[in-house]
Structure formats: structure tokens, C-alpha cells
Amino acid sequence: MSFLLPKLTSKKEVDQAIKSTAEKVLVLRFGRDEDPVCLQLDDILSKTSSDLSKMAAIYLVDVDQTPVYTHYFDISYIPSTVFFFNGQHMKVDYGSPDHTKFVGSFKTKQDFIDLIEVIYRGAMRGKLIVQSPIDPQNIPKYDLLYQDI
């Protein structure tokens with residue numbers, strides 16, 4: 001289903017999307033088109049993109065083509081989903097140590113829709129971090145890996 005969503009293939013395209021997406025949540029899915037978990041997430045993203053079109057713009061970013069952002073956001077697990085609003089990186093408290101990105105696939109379409117609605121409402125009120133509405137049992141667990149410390 002990844003062919004249904006627009007792809008950003010360079011740092012310049014990602015920069016442009018971050019700068020130009022106004023009054024909507026920018027959703028950047030970092031991953032690889034051939035990865036099974038990425039394909040599962042892409043299916044959810046593509047099925048919800050039209051429903052969320054007034055609130056969100058969704059793009060796919062290949063981790064191999066944008067190493068600057070892969071390193072900047074410390075993308076060590078894929079898929080990882082990062083959110084922006086009016087050029088500001090939106091953070092979400094998932095109850096995990098990392099608030100900068102969502103790692104893994106969403107369990108249901110409704111989990112993703114609820115998260116976008118919470119980020120959108122929080123951003124419209126000027127918040128840069130919001131509390132995740134997703135049931136903690138539906139959030140993938142992982143360990144943070146710190147390299148070169």
C-alpha cells in the first residue's frame with residue numbers, strides 16, 4: 001500500500017515538507033518499502049489519509065535515502081513515525097523513554113486517528129508535547145540503544 005502515499009526521497013524534499021505544511025499535522029514515516037512492518041503501517045496510513053486530509057499530511061521517507069534525518073531522529077528501529085505542526089517537531093508521551101517518535105506499527109486505524117486528533121488539538125493550543133491517547137498495551141515496547149556515548 002506504500003504506493004498510495006507520497007514519498008520524500010531527499011533531505012531537500014523533507015525540508016520543504018516541514019516548512020510548507022501549514023495548519024496540519026505533518027506525518028513522516030521513516031522506513032523501507034519492502035519491510036513487512038513498514039508495509040503494515042503503510043496500509044493503516046493509506047486507509048486513513050483521506051479521512052484525516054483536513055488535519056494531516058502523510059509522507060513516506062526512505063531511511064536509506066535521507067541519512068541526515070535518520071541520524072538526527074536516531075532512527076534505529078523501523079518503521080518510526082515523526083510528527084510536525086507548522087514546522088515544529090511535535091513530541092508525544094507514549095509512556096516510553098522516547099517522546100520524539102512512534103516506533104513500530106499502530107495496532108488499529110483508530111489508534112492512529114486518535115493520535116492525530118490529539119496532536120492536532122494540542123498543537124492548535126500551542127503545545128509542543130501531548131499525552132498519547134493510545135492504550136499502553138497497543139504501544140510496541142523496545143529498548144533504547146545508545147551508540148558512541
Side-chain angles (χ1 to χ4, degrees), residues 1-123 129-145:
M1 294 309 256
S2 56
F3 61 88
L4 297 174
L5 295 167
K7 291 181 176 60
L8 303 176
T9 58
S10 68
K11 179 188 180 301
K12 185 177 181 179
E13 288 180 3
V14 175
D15 288 342
Q16 185 61 32
I18 292 170
K19 290 177 191 170
S20 66
T21 304
E23 302 304 314
K24 285 185 178 184
V25 176
L26 173 63
V27 180
L28 299 178
R29 188 280 282 150
F30 287 86
R32 293 187 181 94
D33 288 343
E34 66 277 358
D35 182 78
V37 183
C38 291
L39 290 172
Q40 178 186 355
L41 176 57
D42 293 352
D43 185 49
I44 289 171
L45 298 179
S46 64
K47 286 179 178 174
T48 57
S49 64
S50 64
D51 296 337
L52 294 170
S53 62
K54 289 187 178 11
M55 263 190 276
I58 303 170
Y59 294 96
L60 307 181
V61 183
D62 190 302
V63 291
D64 299 320
Q65 294 177 332
T66 55
V68 171
Y69 279 110
T70 302
H71 183 72
Y72 181 77
F73 290 117
D74 191 28
I75 308 288
S76 46
Y77 293 114
I78 59 170
S80 289
T81 310
V82 180
F83 305 96
F84 287 86
F85 189 83
N86 290 344
Q88 288 285 326
H89 183 199
M90 293 296 297
K91 296 176 178 63
V92 182
D93 184 355
Y94 303 104
S96 68
D98 188 359
H99 299 155
T100 61
K101 60 189 172 285
F102 185 88
V103 177
S105 181
F106 295 94
K107 295 276 191 249
T108 66
K109 287 188 336 185
Q110 195 59 49
D111 282 347
F112 179 66
I113 291 168
D114 292 347
L115 181 60
I116 294 301
E117 287 176 348
V118 165
I119 292 172
Y120 182 78
R121 283 194 213 113
I129 186 166
V130 294
Q131 188 71 36
S132 172
I134 302 172
D135 183 341
Q137 293 176 335
N138 288 352
I139 296 175
K141 303 289 185 256
Y142 62 94
D143 294 321
L144 290 177
L145 300 175

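What's counted below: heavy atoms across the whole structure, side chains too, no hydrogens, waters or symmetry copies.
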field: Rounded distance [0.5 Å steps], CG in Asp35 versus CD in Gln40
entry: 10.0 Å
- prompt: Any sub-3.5 Å donor-acceptor pair from Thr48's side-chain atoms to Ile113's backbone N or O?
  reply: no
- request: Could you give me the CA-CA distance, side-chain angles and deciding distance for Thr66 and Leu8, then say whether side-chain contact (heavy atoms from CB on, under 4.5 Å) is met?
  value: CA-CA 9 Å; Thr66 55; Leu8 303 176; over 6 Å; no
- prompt: About how many Å separate NZ of Lys47 and CG of Leu5, when rounded to the nearest 0.5 Å?
  reply: 12.0 Å
field: Side chain proximity check, Met90 to Val25, heavy atoms < 4.5 angstrom
entry: no
message: Quick check: closest heavy atoms across Asn86 and Glu23, and the distance to 0.1 Å?
response: OD1-N, 2.6 Å
- request: Calculate, to the nearest 0.5 Å, the distance between atoms CD and OG1 belonging to Gln65 and Thr70 respectively.
  value: 10.0 Å
field: Residue pair Lys19, Asp15: steps toward the salt bridge (charged side-chain N to carboxylate O under 4.0 Å, His left out) verdict
entry: CA-CA 6 Å; Lys19 290 177 191 170; Asp15 288 342; 5.4 Å; no
query: Taking atom CG of Leu45 and atom CZ of Phe112, what is their separation to the nearest 0.5 Å?
result: 5.0 Å
task: Determine, step by step, whether Val27 and Thr81 satisfy the side-chain contact (heavy atoms from CB on, under 4.5 Å) criterion, reporting the C-alpha distance in whole Å, the side-chain angles of both residues, the deciding distance to 0.1 Å, and the verdict.
output: CA-CA 7 Å; Val27 180; Thr81 310; 3.5 Å; yes
- prompt: Phe73 vs His89 aromatic rings, parallel, tilted or perpendicular, using cut-offs 30° and 60°?
  reply: perpendicular
statement: Between Leu41 and the options Ser80, Pro36, Ser46, Pro79, the side-chain contact (heavy atoms from CB on, under 4.5 Å) test singles out Pro79
task: Compare all side-chain heavy atoms of Ile18 with those of Tyr69 and state whether any distance is below 4.5 angstrom.
output: yes
query: Mind checking whether Ile119 and Phe85 have side chains closer than 4.5 Å, heavy atoms only?
result: no
Pairwise distance CD1(Ile44) to CG(Leu39) - rounded to 0.5 angstrom: 12.0 Å
message: Any side-chain to backbone donor/acceptor pair from Asp93 onto Gln131? Under 3.5 Å, distance only.
response: no
- line: Nearest heavy-atom contact between Arg29 and Arg32 is NH1-N, 3.6 Å
- request: Give me the ring orientation class for Phe106 and Phe102: parallel if the planes are under 30° apart, tilted from 30 to 60°, perpendicular past 60°.
  value: parallel
- prompt: Are any non-hydrogen side-chain atoms of Asp114 and Glu117 less than 4.5 angstrom apart?
  reply: yes
- prompt: Are any of the side-chain heavy atoms of Asp74 and Lys101 separated by less than 4.5 Å?
  reply: yes
What donor-acceptor contacts under 3.5 angstrom involve side-chain atoms of residues 50-62, with partners at least two apart or in another chain?
residue, atom, partner, partner atom, Å
Ser53, OG, Ser50, O, 3.1
Asp62, OD1, Asp64, N, 2.7

task: Would you indicate whether the side-chain heavy atoms of Asp33 and Cys38 approach each other to under 4.5 Å?
output: no
